[in-house]
Structures are given as C-alpha cells and as structure tokens.
Amino acid sequence: VYTFAAAAELPHFRRDRVELEIDGDPLVSDTAMLAIGNTRFFGGGMLACPDARYDDGLLHLTSIEGVGRLGILRHLAGRRGGTADRPEVLRRTASVIRIATPGLALWGDGEPVAVTPAILRVRPGGLLVAGAQPQTPGEHRAGSPIGDE
C-alpha cells in the first residue's frame with residue numbers, strides 16, 4: 001500500500017532544499033526524501049535508516065539527494081533492500097538534528113506531527129513498551145518518568 005501511495009504522489013513530486021544542523025554542524029540538502037529516525041524501517045518495510053537502533057540514543061538521517069521522479073522510482077522498486085549503498089544517498093548520525101527550513105511538514109508513523117523549524121532528539125528510555133527487554137543491564141529503568149524536554 002505504501003508503494004502505491006508513493007507512486008500516486010509522483011506527479012506532485014518535488015525536491016526540497018532543507019537547511020539542517022547535525023549536532024551543530026550546518027548541512028544543506030537538496031533532498032527528494034529525508035528520513036530521520038531511531039529505527040531502521042518505515043513505510044511498510046522500507047529500510048530507511050539501516051544502522052538505526054531504538055536504544056542507542058541517536059538519530060539516523062538518510063537523504064536521497066538530487067534525484068528526480070525516475071530516481072525516486074528506482075528507490076521505491078528497491079525499497080526492501082534499502083538505499084544506503086547508492087551514491088545519491090547521504091547518511092548521518094547525530095544526537096540532535098535541527099531542521100531550520102520553515103514550513104515543511106514532519107510525519108511520524110504515517111501521521112503529521114509538526115511543521116518546521118524543529119529540533120529532533122531521542123530520549124533513551126523515554127518510552128516503556130510492554131515485553132521489551134533492555135539491551136544491556138542498567139540501560140532501562142522501569143517506571144522512569146517522561147520529561148518535558
């Protein structure tokens with residue numbers, strides 16, 4: 001379903017010039033698709049951030065740079081295998097990512113969540129999941145409060 005929905009949006013496709021700060025370092029991206037996450041997959045199984053781990057406290061950024069409709073179609077066709085090894089793919093890891101470009105919609109798990117500018121960070125242990133096991137002893141404190149950061 002995600003692939004068909006993405007293909008239906010191709011006539012409206014455009015790249016965006018996005019101004020970012022990756023742990024304070026400026027980066028300008030001419031992106032066709034920008035994914036920032038702390039898990040590997042999105043969009044029904046698209047391997048967007050291949051090295052991401054939900055418990056490492058880091059954000060993983062993947063941007064498909066400078067491609068048009070045909071380039072995006074190639075990525076959709078190969079979505080199960082990921083895009084990390086292609087020359088037009090930019091990947092970064094950070095503790096804090098600031099998106100300075102105003103007016104871009106941010107989506108999370110298929111839902112709109114914010115409009116830029118925005119500051120993104122991961123809060124390790126900020127979400128308790130029933131049945132989840134910590135990766136290393138002491139990494140997770142059951143019942144720890146979620147703050148207002």
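Residues: numbered from 1 along the sequence shown.
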**OP:** Take Ile97 and Leu61 through the test side chain to side chain contact (heavy atoms under 4.5 Å, CB included) and record every step on the way to the result.
**Re:** CA-CA 9 Å; Ile97 297 177; Leu61 176 142; 4.1 Å; yes
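- At least one side-chain heavy atom of Leu104 sits under 4.5 Å from a side-chain heavy atom of Val18.
- Looking only at side-chain heavy atoms (C-beta outward), Leu106 and Ile99 come within less than 4.5 Å of each other.
- Using a distance-only test at 3.5 Å, with no hydrogens or angles considered, no donor-acceptor pair links the side chain of Arg91 to the main chain of Cys49.
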Sequence neighbours left out, cut at 3.5 Å: what donor-acceptor pairs do the side chains of residues 20-28 make with other protein atoms?
residue: Asp23; atom: OD1; partner: Ser95; partner atom: N; Å: 2.9
residue: Asp23; atom: OD1; partner: Val96; partner atom: N; Å: 2.9
residue: Asp23; atom: OD2; partner: Ser95; partner atom: N; Å: 3.2

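- Scanning both residues, Arg69 and Leu10, for their nearest heavy atoms gives NE-O, 2.8 Å.
- Taking each heavy atom of Thr62 and Pro50 in turn, the nearest pair found is OG1-CD, 4.3 Å.
- With sequence neighbours left out, Ala100 forms a side-chain contact (heavy atoms from CB on, under 4.5 Å) with Glu19, Arg98.
- In terms of hydrophobic clustering, with Ile, Leu, Val, Met, Phe, Trp and Tyr side chains grouped at heavy-atom distances under 4.5 Å, Leu59 and Ile119 are assigned to different clusters.
- Asp51 and His60 make their closest contact through O-CE1, 3.5 Å (heavy atoms, listed as atom of the first residue, atom of the second, distance).
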Which pairs of donor and acceptor atoms, one on a side chain in residues 31-39, lie under 3.5 Å apart (sequence neighbours left out)?
residue: Thr31; atom: OG1; partner: Met33; partner atom: N; Å: 3.1
residue: Thr31; atom: OG1; partner: Met33; partner atom: O; Å: 2.7
residue: Thr31; atom: OG1; partner: Ser63; partner atom: OG; Å: 2.8

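- Both Leu120 and Val113 belong to a common hydrophobic cluster when Ile, Leu, Val, Met, Phe, Trp and Tyr are linked at side-chain heavy-atom distances under 4.5 angstrom.
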